[in-house]
2 protein chains.
Amino acid sequence: MTPLPPDLFDELCPSSLLPFRFGDKWAALVLRCLEDGPRRYSELRVPLRRVTPKVLTQSLRGLERDGFVARTVRPGPPRSVEYALTPLGRSLLGPLYAACAWAAEHWDELLDARDPA
Amino acid sequence: MTPLPPDLFDELCPSSLLPFRFGDKWAALVLRCLEDGPRRYSELRVPLRRVTPKVLTQSLRGLERDGFVARTVRPGPPRSVEYALTPLGRSLLGPLYAACAWAAEHWDELLDARDPA
DNA sequence: CCGTATCCATTGTGATACTG
DNA sequence: CAGTATCACAATGGATACGG
């Protein structure tokens with residue numbers, strides 16, 4: 001049983017640990033929507049219909065700022081805006097899938113833990 | 001380029017996607033503190049010295065409720081309380097490490113994206 | 001079509017101080 | 001030793017409505 005390092009915080013700040021924790025509830029879902037290629041704003045709203053435009057935009061801006069997603073405006077009219085994964089964003093899909101696989105595998109246990117019905 | 005499913009939300013709700021997103025900033029760090037064996041409350045406060053007792057307790061209660069961590073009181077005096085990973089909690093370490101590895105590998109890109117100095 | 005503006009409820013974070 | 005009590009503050013998350 002190895003002793004804990006004296007200051008794990010300096011070694012691993014919380015934000016460094018979790019790029020998954022974009023501070024954003026929808027970010028991961030948006031990434032998965034983009035995995036097969038670029039999508040337009042309105043295309044994203046369909047599968048994510050529970051999210052309001054404001055919140056979707058918030059998510060997209062965050063992902064753009066962090067370099068996971070690229071935004072391209074194609075002038076119109078009618079104009080369209082495409083969102084696509086950057087290489088960085090695509091590289092995150094691996095760990096993200098690992099997380100999803102884990103969740104799927106342990107879904108029952110998670111439910112039981114929260115609500116031992 | 002496959003079309004998006006009509007309702008990705010029904011298929012993958014946000015909370016299902018991210019067990020990482022405990023809704024808690026310190027949870028992942030706590031799990032890592034426990035990876036080598038049970039720890040007492042005061043032992044956890046050392047490496048995580050930036051977190052106040054209230055917040056650490058909050059984190060631990062959340063992890064306990066979700067079945068990641070088990071709390072054991074050993075009566076005293078002086079009494080001690082040990083926190084340990086459950087099998088479920090331990091199983092989460094795999095994906096968690098994958099995320100950490102990804103973050104380490106792409107750390108420079110992340111910094112550049114946020115602050116293109 | 002692709003968002004923005006407002007407003008509000010809720011939750012997360014934290015400092016500080018105190019207790020069985 | 002292992003927490004709790006209080007208070008305060010910031011940041012989401014979301015509903016609704018409007019704009020270029």
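A note on names: the letters A, B, ... follow the listed sequences, proteins ahead of strands, and every chain is numbered from 1.
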### Query
Taking atom C1' of C:dT13 as reference, at what distance in whole Å does atom CG of B:L29 sit?
15 Å
### Summary
Looking only at C:dC2, D:dT4, C:dT6, the nucleotide nearest the A:K54 side chain is C:dT6
### Task
Would you tell me whether A:Y41 and A:T57 have side-chain atoms, one donor and one acceptor, within less than 3.5 Å of each other?
yes
### Query
Between C:dC1 atom C1' and A:L44 atom CG, what is the distance in whole Å?
13 Å
### Query
At under 4.0 Å, does any side-chain N or O of B:Y83 touch on OP1 or OP2 of D:dC1?
no
### Task
Rounded off to whole Å, could you give me the CG-to-C1' distance for the B:L56 and D:dG3 pair?
10 Å
### Query
If you round to the nearest 0.5 Å, how far is OG of A:S80 from CD of A:E43?
9.5 Å
#### Entry: Phosphate-side-chain proximity, A:T52 and D:dG14, N/O vs OP1/OP2 below 4.0 Å
no
### Query
Across the strands shown, which category fits A:V55 at heavy-atom distances under 4.0 angstrom: base, sugar-phosphate, nothing?
base
### Summary
Taking D:dC1, C:dC2, D:dG3 as options, the one with an atom nearest any side-chain atom of B:V81 is D:dG3
### Task
Return the nearest nucleotide to the side chain of B:R40; candidates are C:dT13, D:dG13, D:dA2.
D:dA2
### Query
For A:L48 and D:dG14, what is the distance between atoms CG and C1' respectively, to the nearest whole Å?
15 Å
### Message
Just verifying a value: how many Å separate A:R61 CZ and A:Q58 CD, rounded to the nearest 0.5 Å?
### Response
10.5 Å
### Task
In whole angstrom, give the distance that lies between atom CG of A:D24 and atom C1' of D:dG14.
13 Å
### Non-hydrogen side-chain atoms of B:V69 and B:T86 separated by less than 4.5 Å
no
### Interatomic distance, A:L60 CG vs D:dT12 C1' [rounded to whole Å]
16 Å
### OP1 or OP2 of D:dG14 under 4.0 Å from side-chain N/O of A:W26
yes
### Task
Would you classify A:R45 as touching base, sugar-phosphate or nothing, given that sugar-phosphate means primed atoms plus P, OP1 and OP2, and contacts are heavy atoms under 4.0 Å?
nothing
### Summary
Looking only at C:dT13, D:dG3, C:dG14, the nucleotide nearest the B:Q58 side chain is C:dT13
### Task
Consider only side-chain N and O atoms of A:R71 and A:Y83, and report whether a donor and an acceptor are under 3.5 Å apart.
yes
### Query
When you check the phosphate oxygens OP1 and OP2 of D:dT4, does a side-chain N or O of B:R61 lie under 4.0 Å from one of them?
yes
### Query
Got a second to check how far A:S91's OG is from B:E109's CD, nearest 0.5 Å?
6.5 Å
### Query
Should B:S80 be listed as having a side-chain N or O under 4.0 Å from OP1 or OP2 of D:dC1?
no
#### Entry: Separation of atom OH in A:Y41 from atom P in C:dC1, rounded to whole Å
12 Å
### Task
Using heavy atoms to find the nearest nucleotide of DNA chain C for A:P53 and A:R79 separately, return the residue whose nucleotide is more 5′.
A:R79
### Task
Under 4.0 Å between any heavy atoms, over every strand shown, what does A:R71 touch: base, sugar-phosphate, or nothing? Just pick one.
sugar-phosphate
### Whole angstrom value for the distance that separates P of D:dG14 from CZ of A:R49
15 Å
